[in-house]
**Q** 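Input: one structure, supplied below.
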Amino acid sequence: ASNVVVCTGNHPRFALQCAYRLAEHLGVRFSLHGDVIPDRKLGPAPHLLFNGVRAIFDPLFETRGLQPLHDFPDGVDWWTIEDFKATLTQMEKMTLNFIGFHTYCKTADYCEPTVWVGLKEDVNEDGTVKTAYKSAYASTLRGNYWGYTAVNTSRSEER
């Protein structure tokens, strides 16, 4: 007789989640920076040697996710498409189902451009925005917007 484990779900995403939970029971760990796979080959896991047992994985919280601050030099404004794909892939493995983007709208003239802030009725059927406000990233070229004043970093010392 062969030992078979079947991972199923009532949606393809839930079947995938089942496979990730099984991998965790075998010692694999998932985090934002990547997967940690055990160095040595594991033998049969005694706690997985079940016969006809049905396991149901229900997260403790319905909404689980990240809200990275994007408006800093190391924030998601500077992520590449590969960075977003890698983060979203790892989030799926970690059963996270929400990503939010913190944004500032300091003045009506300068809201940050990465995240549009508006109402559902301001969005067209195809997902494009009907109207938008002026936006710009923080920059010393715009004056003392965040308390930073432009400094000449190229001038040489006079002697």
Side-chain angles (χ1 to χ4, degrees), residues 1-106 110-129 132-133 135-140 142 145-148 153:
S2 63
N3 293 322
V4 176
V5 176
V6 178
C7 290
T8 64
N10 60 4
H11 185 278
R13 181 172 182 222
F14 301 140
L16 180 61
Q17 289 295 319
C18 179
Y20 289 141
R21 298 302 65 80
L22 176 61
E24 285 181 330
H25 282 286
L26 294 172
V28 176
R29 294 294 174 253
F30 304 111
S31 64
L32 286 178
H33 69 274
D35 303 335
V36 178
I37 300 171
D39 288 334
R40 61 182 174 81
K41 183 176 178 180
L42 299 174
H47 60 285
L48 288 178
L49 299 177
F50 43 74
N51 187 11
V53 174
R54 180 179 174 186
I56 298 175
F57 301 102
D58 265 337
L60 186 59
F61 297 100
E62 183 177 336
T63 303
R64 305 159 313 280
L66 302 174
Q67 187 168 359
L69 293 174
H70 66 89
D71 47 1
F72 293 96
D74 58 350
V76 298
D77 285 344
W78 313 115
W79 286 7
T80 64
I81 204 75
E82 289 78 21
D83 294 328
F84 276 100
K85 287 178 180 179
T87 299
L88 294 173
T89 297
Q90 291 308 111
M91 287 177 64
E92 180 69 27
K93 294 176 185 180
M94 298 164 62
T95 68
L96 303 178
N97 59 8
F98 169 83
I99 186 166
F101 297 100
H102 182 271
T103 189
Y104 292 102
C105 209
K106 188 152 177 145
Y110 290 109
C111 290
E112 293 172 340
T114 304
V115 179
W116 174 80
V117 179
L119 303 173
K120 186 176 182 178
E121 55 265 22
D122 297 330
V123 179
N124 295 313
E125 290 279 330
D126 65 358
T128 58
V129 176
Y133 39 78
S135 64
Y137 289 110
S139 167
T140 55
R142 291 193 359 233
Y145 184 71
W146 287 107
Y148 301 108
T153 58

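Side-chain atoms are counted along with the backbone in the values below, which use heavy atoms only and exclude waters and symmetry mates.
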**Q** Under 6.0 Å from the CG atom of Asp126, do we count more than 12 heavy atoms belonging to anything else shown?
**A**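 More than 12 within 6.0 Å, yes.
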**Q** I need the full list of side-chain hydrogen bond (donor to acceptor under 3.5 Å, both in side chains) pairs touching residues 60-69, with sequence neighbours left out, sorted by first then second residue.
**A**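 Found none.
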**Q** Does some side-chain heavy atom of Thr8 sit less than 4.5 Å from a side-chain heavy atom of Cys18?
**A**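 Side chain of Cys18 against side chain of Thr8, heavy atoms only: no contact under 4.5 Å found.
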**Q** Below 4.0 angstrom, N of the basic side chain to O of the carboxylate: do Glu24 and Arg21 qualify?
**A**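 Salt bridge present between Glu24 and Arg21.
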**Q** Does His33 have any side chain to side chain contact (heavy atoms under 4.5 Å, CB included) partners at least two apart in sequence or in another chain, and if so, which?
**A**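 Per chain and number, His33 pairs via side chain to side chain contact (heavy atoms under 4.5 Å, CB included) with Ser31.
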**Q** Considering all heavy atoms of both residues, which atom of Leu26 and which atom of Pro38 are nearest to each other, and what is their separation?
**A**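 Smallest interatomic distance, heavy atoms only, reads O-CG, 4.1 Å.
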**Q** Report yes if the side chains of Met94 and Leu32 come closer than 4.5 Å at any heavy-atom pair, otherwise no.
**A**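 Yes; the side chains approach each other to less than 4.5 Å.
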**Q** Output all residues satisfying ring-ring contact (aromatic ring centres under 6.0 Å, His included) with Phe14, sequence neighbours left out; order by chain, then residue number.
**A**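 So Phe14 forms a ring-ring contact (aromatic ring centres under 6.0 Å, His included) with His11.
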**Q** Using side chain to side chain contact (heavy atoms under 4.5 Å, CB included) as the criterion, list what pairs up with Glu92, not counting sequence neighbours.
**A**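 For Glu92 the side chain to side chain contact (heavy atoms under 4.5 Å, CB included) partners, ignoring immediate neighbours, are Arg13, Leu16, Gln17, Tyr20.
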**Q** Hey, are the side chains of Thr128 and Val123 touching, using non-hydrogen atoms and a 4.5 Å cut-off?
**A**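 Not touching, per the 4.5 Å side-chain cut-off.
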**Q** Check the pair Val28 / Val36 against side chain to side chain contact (heavy atoms under 4.5 Å, CB included), numbers first and verdict last.
**A** CA-CA 6 Å; Val28 176; Val36 178; over 6 Å; no
**Q** Report the residues that fulfil side chain to side chain donor-acceptor pair (under 3.5 Å) with Asp83, sequence neighbours left out, ordered by chain and then residue number.
**A**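 With sequence neighbours excluded, Asp83 shows a side chain to side chain donor-acceptor pair (under 3.5 Å) to Thr80, given in chain and number order.
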**Q** Who are the side chain to side chain contact (heavy atoms under 4.5 Å, CB included) partners of Leu119, not counting sequence neighbours?
**A**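 Testing Leu119 for side chain to side chain contact (heavy atoms under 4.5 Å, CB included), a comparison that skips the adjacent residues, returns Glu121, Asp122.
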**Q** Salt bridge between Asp35 and Lys93, side-chain N to carboxylate O under 4.0 Å?
**A**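 Salt bridge flag = yes for Lys93 with Asp35.
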**Q** With rounding to the nearest 0.5 Å, note down the distance linking OG1 in Thr95 to CZ in Phe30.
**A**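 Atom-to-atom, Thr95:OG1 and Phe30:CZ are 10.5 Å apart.
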